[in-house]
Amino acid sequence: MNGLRSVGILGTGSYTPEKVLTNADLEKMVETSDEWIVSRTGIRERRICSPEEASSDLAFEAAKKALKKAKISAEQLDMIIVATVTPDTMFPSTACILQEKLGASKASALDVSAACTGFLYGVATGTQFIANGLYRYVLVIGVETLSKITNYKDRNTCVLFGDGAGAAVLGPVAEGSGFQSFDLGADGSGGQLLSQPAGGSRMPATAETVANNLHYLTMAGSEVFKFAVRVMNSATETVLEKAGVDKEEIDLLVPHQANLRIIDSAIKRFGLSEDKVAINLDRYGNMSSASIPVALDEAVEAGRVKDGDTVVLVGFGGGLTWGATLLRWNTTEA
Ligand code: ACO
């Protein structure tokens, strides 16, 4: 990183709620079928949090596991970044709520809003603070309770989303390892393709906005689909090029988990065998900012990532936004 301190992921963790919502359950709720959902998306089931659970509760569970694996305590954290579009409240931030739950009294705390790309925006942000020497340990979480803003009468969206949290502890690693390159981007002109129309200062919550279902997530699926295929490939190419790495060197690609057909296009484009791609959307659906860190943590737990491996994380989402990073895996603190 241009003479700056090298930064890597020291530990990962994830948490998904116990309750499973299957395609068969959804068949009873809206006019859809298991066959349609599996063939159009690849999703078979998703996890749904309880009415009492909020995003910070899921984040707390994932964070504890990541801290344990990184072998550091919450008190050692310098910063907490929570990526979410389903915060506990508009403010205080979910990161501040989590800071208190963890007892991370030394840590600064902020939320990042970049929808499904949020975890990558958070990782890129946290990395800068460690690379320039200001901080040593940054906890980055992608967490969503999308079930809370999903309209379970709208078949266009309700079959797609699930709840979960994934976490990563960032810290200094041996020179030359860890994050090699980043690509972050945004195209605000496509903002309306994926949004939660009401509840902000443009359209504050009223009885009318609630009656008109304006607090639910809306999406123009096929437009987002085309954008997703384009940017997932271009962002991956950009981080490979910036790091001077060939596509043949990728050991593990962890893509955002929105649709198996989008992931398949990347598999074809980069000539990857399936064992080099982390896929979990069949079990969790699209967990927005939580998808990448949960898939990464599951790959680590399954022993699919070892030191020295070349790992690419890539995502896209509301905003519109996209992002990718390439890292030489190394969990040993320097
Ligand atoms: N069951 C049965 N039929 C359905 C369902 C359903 N659950 N949902 C939609 N359909 C119907 C539509 O009504 C439409 O019918 P019509 O032709 O009679 O109008 C038909 O299926 C085809 O709809 P399309 O939208 O063209 O289907 P498509 O193949 O594009 O698949 C999907 C839709 C799965 C949403 C896809 O477009 C997609 O995955 N888009 C990308 C989503 C994404 O990547 N989101 C990213 C980020 S999310 C975030 O940031 C929070």
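Every number for a ligand or one of its atoms is a count from 1 in the order of the listing.
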Indicate yes or no for a side-chain donor-acceptor contact from Gln257 to the backbone of Ala278 under 3.5 Å, with no hydrogens or angles considered.
yes
Hey, is the main chain of Asp246 close enough, under 3.5 Å, to the side chain of Glu249 for a donor-acceptor pair?
yes
Qualifying residue for side chain to side chain contact (heavy atoms under 4.5 Å, CB included) with Arg46, from Asp282, Thr16, Asn23
Asn23
Using a 4.0 Å cut-off on heavy atoms, what residues surround ligand 1? Order them by chain and number.
Glu31, Thr32, Trp36, Arg40, Thr41, Ala115, Cys116, Arg155, Asn156, Val159, Leu160, Phe161, Leu194, Met219, Gly221, Ser222, Val224, Phe225, Ala258, Asn259, Arg261, Ile262, Asn286, Ser288, Phe316, Gly317, Gly318
Search all heavy atoms of Glu144 against all heavy atoms of Thr86 and return the closest pair with its distance.
OE1-OG1, 2.6 Å
Is it the case that the side chains of Thr206 and Glu208 hold a donor-acceptor pair, with the cut-off being a distance below 3.5 Å and no angle test?
no
Of the non-hydrogen atoms in Cys116 and Gly317, which two are nearest, and what is the gap between them?
CB-CA, 3.9 Å
